[in-house]
Protein chains: 2
Amino acid sequence: MSVEPLPNIDRSTLRERVLRALRSAITSGAYRPGDHLGEVELAGRLGVSRGTVREALRHLQQEGLVTAGNRGMLRVNSLSAEEIRGLFRVRAALEGLAVTEIIARPDRSAAVAALRAAVDELAGAGEDFAAKVEADLGFHVRLCELSGNPMLVESWRHLEGRIRVTIMNRDPEEAPAMMTPGRHAPIIEAIERGDLPGALAVVEEHMAAAADHFTSTRAC
Amino acid sequence: MSVEPLPNIDRSTLRERVLRALRSAITSGAYRPGDHLGEVELAGRLGVSRGTVREALRHLQQEGLVTAGNRGMLRVNSLSAEEIRGLFRVRAALEGLAVTEIIARPDRSAAVAALRAAVDELAGAGEDFAAKVEADLGFHVRLCELSGNPMLVESWRHLEGRIRVTIMNRDPEEAPAMMTPGRHAPIIEAIERGDLPGALAVVEEHMAAAADHFTSTRAC
DNA sequence: GGCAGGTAGTCTGTCGACAGTCGGAGGGAG
DNA sequence: CTCCCTCCGACTGTCGACAGACTACCTGCC
């Protein structure tokens with residue numbers, strides 16, 4: 001008796017699916033910063049109850065993607081230049097910890113191989129902007145995951161939403177020079193050498209450059 | 001016409017009050033790790049609707065105070081020794097960034113004064129365990145706030161719930177040697193000297209000691 | 001005695017409805 | 001023409017109820 005052809009049943013809850021849909025809609029730029037996200041409108045458009053949309057919106061609020069305006073009305077968040085600089089400094093601290101822990105681990109070479117694979121994905125993304133963003137963030141998430149510190153991954157993911165709105169806000173379609181394999185290779189090389197100060201310097205420089213990039217000539 | 005005697009109206013929403021009540025109940029130890037938090041029971045006990053309790057619980061879930069168990073049932077979270085070590089390494093990274101930014105600021109002496117005041121609060125807490133915890137965490141929050149980086153404060157606060165359950169889990173009533181003015185003074189002194197490497201070393205040592213303390217001889 | 005099947009209980013997921021509040025449009029008085 | 005008052009629309013806050021799902025127990029058959 002064959003069991004394989006039975007498709008996997010989606011056991012995710014409706015709230016989770018709504019959450020993913022809304023997060024995707026915001027981070028893909030379908031909603032622009034400042035746009036009002038009305039519960040009734042979203043509920044009607046998604047065909048679900050207000051309460052379900054409400055819980056998803058609250059989740060996004062804690063992620064920093066939406067912010068409460070007048071009388072609790074939620075709007076898509078946008079970060080000031082100062083906030084962006086602070087955001088990338090926190091990222092630098094977290095990813096600096098990641099490389100520190102990776103270098104301290106005995107299976108450092110396996111981590112290097114995994115990171116090389118992540119960079120290859122970035123190289124294979126070609127000119128597709130969305131794919132490049134995914135590959136770039138995928139590399140940095142992988143960096144945190146390879147540290148073996150789940151709390152570090154958790155902290156990084158807490159910033160992910162803000163990072164995505166920053167990227168999408170700055171570069172609607174222009175492919176920046178930020179997300180290239182050449183930008184990430186030095187990190188891997190420093191890790192491979194076991195050069196902790198060098199790796200930290202590369203990460204900080206990488207983040208500082210990104211902060212400069214995203215705070216200069218703020219787009220629309 | 002006198003306007004003063006009018007008391008400030010509490011404009012907080014019911015959900016926020018429920019959230020504070022539940023967070024306080026968990027971090028104060030009224031609920032022990034592993035305890036099941038039923039929506040109906042809490043709603044009945046608090047005299048509010050299930051939906052309101054539900055939103056508060058979801059918030060606490062994102063804070064890491066409660067975790068989803070079987071069939072979405074929420075329980076008070078407890079961290080493994082490994083998670084605690086990872087948690088305090090992330091704290092060290094964040095607070096290391098805080099001292100870095102404070103030292104780089106022009107108004108460093110003002111920050112030093114504010115931190116001294118925070119340590120004085122810790123000294124004035126006496127033997128009251130809850131007050132000592134508040135003063136200790138207050139010092140570290142102040143440290144992040146004085147960096148002038150709101151995103152750093154946000155990231156730290158994201159870990160606050162887990163920090164609190166760790167403390168409450170380990171030291172139900174025993175007053176540890178962790179939260180003393182003597183433990184925090186070296187951080188301030190290094191900041192005052194502008195000694196960045198020294199300050200980072202002190203912070204990391206402080207966090208490593210705390211991690212060791214909370215992972216040794218796990219209570220109940 | 002052991003196991004399969006049924007059954008009651010309990011918990012969460014989801015929904016629709018009511019109420020309170022805020023902002024703005026519109027009309028009337030000065 | 002300007003200002004104020006009133007009414008209306010819209011949005012969120014909060015609630016109670018129904019339905020689905022999983023657990024544990026209990027009973028009857030082998």
Side-chain angles (χ1 to χ4, degrees), chain A residues 1 6-26 30-77, chain B residues 1 6-26 30-77:
Chain A
M1 174 174 169
L6 283 176
N8 286 340
I9 307 294
D10 182 14
R11 296 278 296 173
S12 69
T13 183
L14 192 54
R15 166 177 48 86
E16 296 176 283
R17 291 194 291 268
V18 169
L19 174 59
R20 281 195 289 268
L22 289 180
R23 182 158 41 204
S24 169
I26 295 175
Y31 287 101
R32 305 295 307 165
D35 283 358
H36 169 51
L37 298 176
E39 298 177 359
V40 282
E41 179 196 335
L42 293 174
R45 189 174 301 189
L46 292 166
V48 298
S49 169
R50 256 190 65 211
T52 305
V53 171
R54 209 180 151 75
E55 290 187 22
L57 285 175
R58 285 270 126 74
H59 195 107
L60 294 176
Q61 186 179 9
Q62 254 178 303
E63 284 187 10
L65 267 79
V66 304
T67 186
N70 198 354
R71 216 196 129 207
M73 289 193 189
L74 296 177
R75 301 182 325 245
V76 177
N77 195 10
Chain B
M1 174 174 167
L6 283 176
N8 285 340
I9 306 293
D10 182 16
R11 297 277 295 177
S12 70
T13 184
L14 192 54
R15 166 176 48 87
E16 295 175 288
R17 292 195 291 269
V18 169
L19 174 59
R20 280 194 291 267
L22 290 179
R23 183 159 38 204
S24 170
I26 294 174
Y31 288 101
R32 305 295 305 165
D35 283 359
H36 169 50
L37 298 176
E39 297 176 359
V40 281
E41 179 196 335
L42 293 174
R45 191 176 298 189
L46 292 166
V48 299
S49 170
R50 257 189 64 211
T52 306
V53 171
R54 207 179 152 76
E55 289 188 23
L57 285 175
R58 285 271 124 74
H59 195 107
L60 294 176
Q61 186 180 8
Q62 252 179 306
E63 285 187 10
L65 268 81
V66 304
T67 185
N70 199 353
R71 216 196 127 202
M73 289 194 189
L74 296 177
R75 301 181 325 236
V76 177
N77 195 11

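Just the heavy atoms: all of them, side chains too, but no hydrogens, waters or symmetry mates, feed the values below. All chains are named by letter (A, B, ...) in the order of the sequence lines, taking the proteins before the strands, and each is independently numbered beginning at 1.
- Within a heavy-atom distance below 4.0 Å of DNA chain D, the residues of residues 51-59 of chain A found are Arg54(A), Arg58(A).
- Across all strands, Leu37(A) comes closer than 4.0 Å only to sugar-phosphate atoms, never to a base (heavy-atom distances).
- Put simply, the side chain of Leu46(B) does not reach to within 4.5 Å of the side chain of Thr52(B), judged on heavy atoms.
- Nearest-nucleotide positions on DNA chain C for Arg71(A) and Arg71(B) put Arg71(B) closer to the 5' end.
- In this structure, CG on Leu42(B) lies 8.5 Å from NE2 on His36(B), to the nearest 0.5 angstrom.
- The nearest whole Å value for the distance from the CD atom in Glu39(B) to the P atom in dG13(C) is 6 Å.
- The pair Arg45(A)-Glu41(A) meets the salt-bridge criterion, since a charged nitrogen lies less than 4.0 angstrom from a carboxylate oxygen.
- Spacing between atom CE of Met73(A) and atom C1' of dC22(C) amounts to 8 Å, rounded to whole angstrom units.
- Remark: of the listed residues His59(B), Gln61(B), Gln62(B), Glu55(B), Gln62(B) is the sole one forming a side-chain hydrogen bond (donor to acceptor under 3.5 Å, both in side chains) with His59(A).
- Following rounding to the nearest Å, Arg50(A) (CZ) and dC18(C) (C1') show an atom-to-atom distance of 11 Å.
- With a heavy-atom cut-off of 4.0 Å to chain B, the contacted part of DNA chain D has its first and last nucleotide at dG13(D) to dT23(D).
- Put simply, the side chain of Ile26(B) reaches to within 4.5 Å of the side chain of Leu37(B), judged on heavy atoms.
- Annotation: side chain of Arg54(B) is not in contact with side chain of Ser49(B) (no heavy-atom distance under 4.5 Å).
- Between Val76(A) and Arg32(A) there is no side-chain heavy-atom pair separated by less than 4.5 Å.
- Between Leu65(B) atom CG and Leu60(B) atom CG the span is 5.5 Å, to the nearest 0.5 Å.
- As judged by a 4.0 angstrom heavy-atom cut-off over every strand, Val48(A) is placed among residues touching the sugar-phosphate backbone only.
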